[in-house]
Amino acid sequence: CYATMKDDTEESNYWWGRQYYQLADFASDDVVYGHETSDDLNMIFRYDERSPVLGNFRSFWALNYKLIYSCNVALATIAQKEELTAQDIYLRGEAEFFKAFCMHALLKNYARQYDPSTASTELGIILRNDSSDSELKDRSTIADSYDSIIGLLLEAEKDFQNGSFPDRESNKGFASLGAAQAMLSRVFVFTQDWEKAAEYATKVIDSGKYELESAKKFPSYFTETYNREETIWCIRMIPTDDQGSAAVASMIYNGASGCWGEEGYSKPLLDDMNFEKEQYIDVDCRFSFVCAPYLKNGLTLYPCSKHTWQDGIGTLCSHPLLRLAEVYLNRAEAYAHLNNENGALADLNEIIDHRMDYDVAASKGFSPSDYHLTKADIKTNLVDLVLTQKRVELAFEGFRFYDLVRNKKDIVRNYWGFHTNYVNGQSSGLVPGLSAPGVVTKYDYGRLVCPIPQQEILNNPVCTQNEAYK
């Protein structure tokens with residue numbers, strides 16, 4: 001299973017990790033699209049041009065079901081044993097977790113986001129319950145799909161608690177109890193079960209197994225995620241796994257061989273980061289990931305250096321799929337929905353305390369309290385404040401698009417780029433305007449949901465295509 005996440009046997013541009021991040025980040029308002037390309041990623045930005053025949057939608061669907069099948073085989077093999085060892089139980093937990101993770105990767109992309117009022121009728125994903133399940137079948141509902149995911153994660157939690165495999169427990173490249181609990185906190189955020197989201201986030205935070213990186217250490221975090229205390233679970237990459245010009249960093253970074261640097265931070269994201277405010281310059285360590293601006297096709301791009309420079313290789317990274325900062329943000333969002341202002345603000349400020357270099361701040365005449373969020377910072381509502389902080393912390397890590405849509409917020413990309421009708425060399429001094437093509441997309445627009453791949457429809461005629469692609 002773990003090797004399949006690094007699989008490039010079909011075509012390097014379609015390996016699992018690249019699609020996991022691009023399908024999320026490139027569909028959001030975090031990214032400036034600075035260059036048209038022959039790559040299918042064009043249609044991640046341009047919703048109207050999405051099609052069931054495109055390779056990225058096909059490959060991500062197929063690879064996740066390949067992973068699910070492998071997990072089913074592992075579960076069947078373990079089930080055939082007359083007596084289970086502690087190691088067998090632990091490995092069963094890994095398979096349950098992995099299957100649930102891949103099911104959620106499918107569900108959040110190929111179905112609408114969870115809405116309690118429609119989840120029992122809208123279509124989710126095809127549930128493959130065991131290794132012999134190859135019958136033609138339609139997609140289950142979103143509610144049933146989430147019930148299956150949550151059930152698997154709860155079983156994984158129990159198996160990780162009851163089993164033992166010391167060599168894997170200490171390796172962040174393998175799933176673990178913390179990974180299962182962190183994933184439960186994420187899934188409960190998606191299903192709007194705020195009490196459970198907070199409960200499972202607290203389990204991870206209070207376990208003492210993970211720590212937020214300090215402002216001094218975080219700038220180098222992505223060079224060795226597998227060895228850092230903030231990481232809960234990562235795709236463990238080694239130099240022979242380097243994807244080069246097909247790496248996650250290849251499109252968003254321009255400082256290494258194989259990197260095209262065709263996308264970068266959007267101005268709204270930089271504004272939320274307080275990027276040009278003197279108070280934050282050289283203080284907020286997350287600025288270290290914002291590369292020097294350069295001109296591409298008349299657009300000023302600020303590339304991103306996350307996902308780079310592991311083992312001295314510019315395109316190599318053991319991508320963090322679960323890290324502690326997200327768990328704090330999951331709990332903060334849960335607290336916000338539960339009207340627990342103090343709890344939400346405390347979690348946001350915990351992250352801020354680990355991202356601001358207070359030594360530099362002091363040299364500028366600022367104290368920690370000048371960076372802490374208070375009730376006065378709640379301009380619209382507390383949820384919006386949490387989502388802004390999540391945007392800043394987890395930029396280019398595959399979250400923003402889902403955070404907007406599941407909170408029923410339109411995607412507003414009021415800046416120039418090839419998601420609009422921009423042409424090379426066009427003046428980009430003014431914003432396009434909210435009425436310009438490609439700028440405002442309603443959160444419920446059907447083509448924000450990925451199409452079910454045409455190959456699936458041909459092989460499985462009873463599978464229902466998403467409405468916008470019929």
Side-chain angles (χ1 to χ4, degrees), residues 7 10-11 13-29 31 33 36-69 102-115 118-119 121-128 136-146 149 190 251 398 400-402 404-406 408 410-411 413 418-419 437-438 440-470:
D7 189 356
E10 180 181 358
E11 183 180 331
N13 278 0
Y14 295 148
W15 72 284
W16 188 92
R18 190 177 198 250
Q19 307 313 317
Y20 179 83
Y21 288 101
Q22 287 187 354
L23 288 176
D25 290 326
F26 289 4
S28 77
D29 58 352
V31 180
Y33 182 24
E36 287 187 294
T37 174
S38 58
D39 194 305
D40 288 346
L41 66 84
N42 266 348
M43 274 55 79
I44 303 175
F45 289 96
R46 294 172 169 171
Y47 317 127
D48 289 340
E49 297 179 27
R50 293 180 171 190
S51 164
V53 303
L54 294 175
N56 48 359
F57 299 130
R58 180 191 69 246
S59 66
F60 195 64
W61 177 274
L63 284 169
N64 277 294
Y65 275 110
K66 181 179 179 180
L67 286 160
I68 289 167
Y69 174 78
C102 293
M103 288 170 65
H104 191 244
L106 288 166
L107 186 56
K108 68 184 181 180
N109 283 295
Y110 295 92
R112 289 190 178 274
Q113 299 306 313
Y114 184 93
D115 183 328
T118 59
T121 56
E122 290 190 318
L123 292 178
I125 59 174
I126 300 169
L127 298 181
R128 296 296 182 189
L136 302 182
K137 61 167 69 172
D138 201 359
R139 299 151 64 194
S140 296
T141 65
I142 291 174
D144 286 345
S145 299
Y146 268 109
I149 291 168
F190 272 79
M251 305 306 294
R400 177 65 174 176
F401 171 76
Y402 312 114
L404 289 172
V405 177
R406 65 182 175 77
K408 299 185 177 181
D410 298 340
I411 298 174
R413 299 179 292 176
F418 286 94
H419 65 283
V440 178
T441 304
K442 300 295 291 183
Y443 72 88
D444 57 355
Y445 180 47
R447 284 181 177 255
L448 292 181
V449 181
C450 296
I452 305 301
Q454 186 66 24
Q455 194 63 46
E456 179 68 39
I457 302 297
L458 292 173
N459 294 338
N460 179 17
V462 299
C463 177
T464 302
Q465 179 60 271
N466 284 317
E467 195 67 31
Y469 303 97
K470 290 181 179 179

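It should be emphasised that the depicted structure is a prediction, and the values quoted were computed from it without experimental measurement. Position 1 is the first residue of the sequence; numbering continues from there.
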**Prompt:** What is the minimum heavy-atom distance between R447 and A468, and which atoms define it?
**Reply:** NH2-O, 3.2 Å
**Message:** Parallel, tilted or perpendicular, judged at 30° and 60°: which one describes the rings of W61 and Y110?
**Reply:** perpendicular
**Y146 side, atom OH; Y114 side, atom OH - distance, nearest 0.5 Å** = 9.0 Å
**Asked** Considering only heavy atoms from C-beta outward, does the side chain of F57 approach that of L23 to under 4.5 Å?
**Response** yes
**Message:** Just verifying a value: how many Å separate Q454 CD and I452 CD1, rounded to the nearest 0.5 Å?
**Reply:** 11.0 Å
**Request:** Identify the heavy atoms of L123 and A111 that sit nearest to each other, and give their distance.
**Result:** O-CB, 3.4 Å
**Request:** Determine whether R406 and K108 make a side-chain contact, defined as any pair of heavy atoms from C-beta on separated by less than 4.5 Å.
**Result:** no
**Message:** I want to check something: taking the side chain as every heavy atom from C-beta on, are F401 and F26 in contact at a cut-off of under 4.5 Å?
**Reply:** no
**Message:** How close do G398 and Y402 get, counting heavy atoms only, and between which atoms?
**Reply:** O-CE1, 3.5 Å
**Message:** Taking the side chain as everything from C-beta on, heavy atoms only, tell me whether V31 gets closer than 4.5 Å to F45.
**Reply:** yes
**Asked** Are the side chains of I126 and E456 in touch, meaning some heavy atoms are under 4.5 Å apart?
**Response** yes
**Asked** To the nearest 0.5 Å, how far apart are CD in Q465 and NZ in K470?
**Response** 8.0 Å
**Asked** Does NZ or CZ of R128 come closer than 6.0 Å to the centre of the six-membered ring of Y69, within 45° of the ring's axis?
**Response** no
**Request:** Mind checking the CD-CD spacing from E467 to E122? Nearest 0.5 Å is all I need.
**Result:** 10.5 Å
**Request:** Indicate the atoms forming the closest heavy-atom contact of H419 with R46, along with that distance.
**Result:** CA-CG, 4.5 Å
**Item:** Ionic contact status for R400 with D29, cut-off 4.0 Å
**Value:** yes
**Asked** Mind checking whether L127 and M103 have side chains closer than 4.5 Å, heavy atoms only?
**Response** yes
**Asked** Can you tell if the side chain of N64 reaches within under 4.5 Å of the side chain of I125, non-hydrogen atoms only?
**Response** no
**Prompt:** Taking atom CD1 of I142 and atom CG of D115, what is their separation to the nearest 0.5 Å?
**Reply:** 8.5 Å
**Asked** Between the side chains of D48 and Y445, does any donor sit under 3.5 Å from an acceptor?
**Response** yes
**Asked** Can you find a heavy atom in the side chain of Y469 that is under 4.5 Å from one in the side chain of R50?
**Response** yes
**Request:** Of all the heavy-atom pairs spanning F60 and A105, show the shortest one and how long it is.
**Result:** CE2-O, 3.8 Å
**Request:** Answer yes or no: are there more than 12 heavy-atom neighbours, outside K442 itself, under 6.0 Å from its atom NZ?
**Result:** no
**Asked** Could you walk me through whether F190 and L107 pass the side-chain contact (heavy atoms from CB on, under 4.5 Å) check?
**Response** CA-CA 11 Å; F190 272 79; L107 186 56; over 6 Å; no
**Complete:** Separation between SG (C102) and OH (Y65), nearest 0.5 Å, reads 10.5 Å
**Asked** What closest approach, in Å, do L63 and Y14 show between heavy atoms, and which atom pair accounts for it?
**Response** CD1-O, 3.5 Å
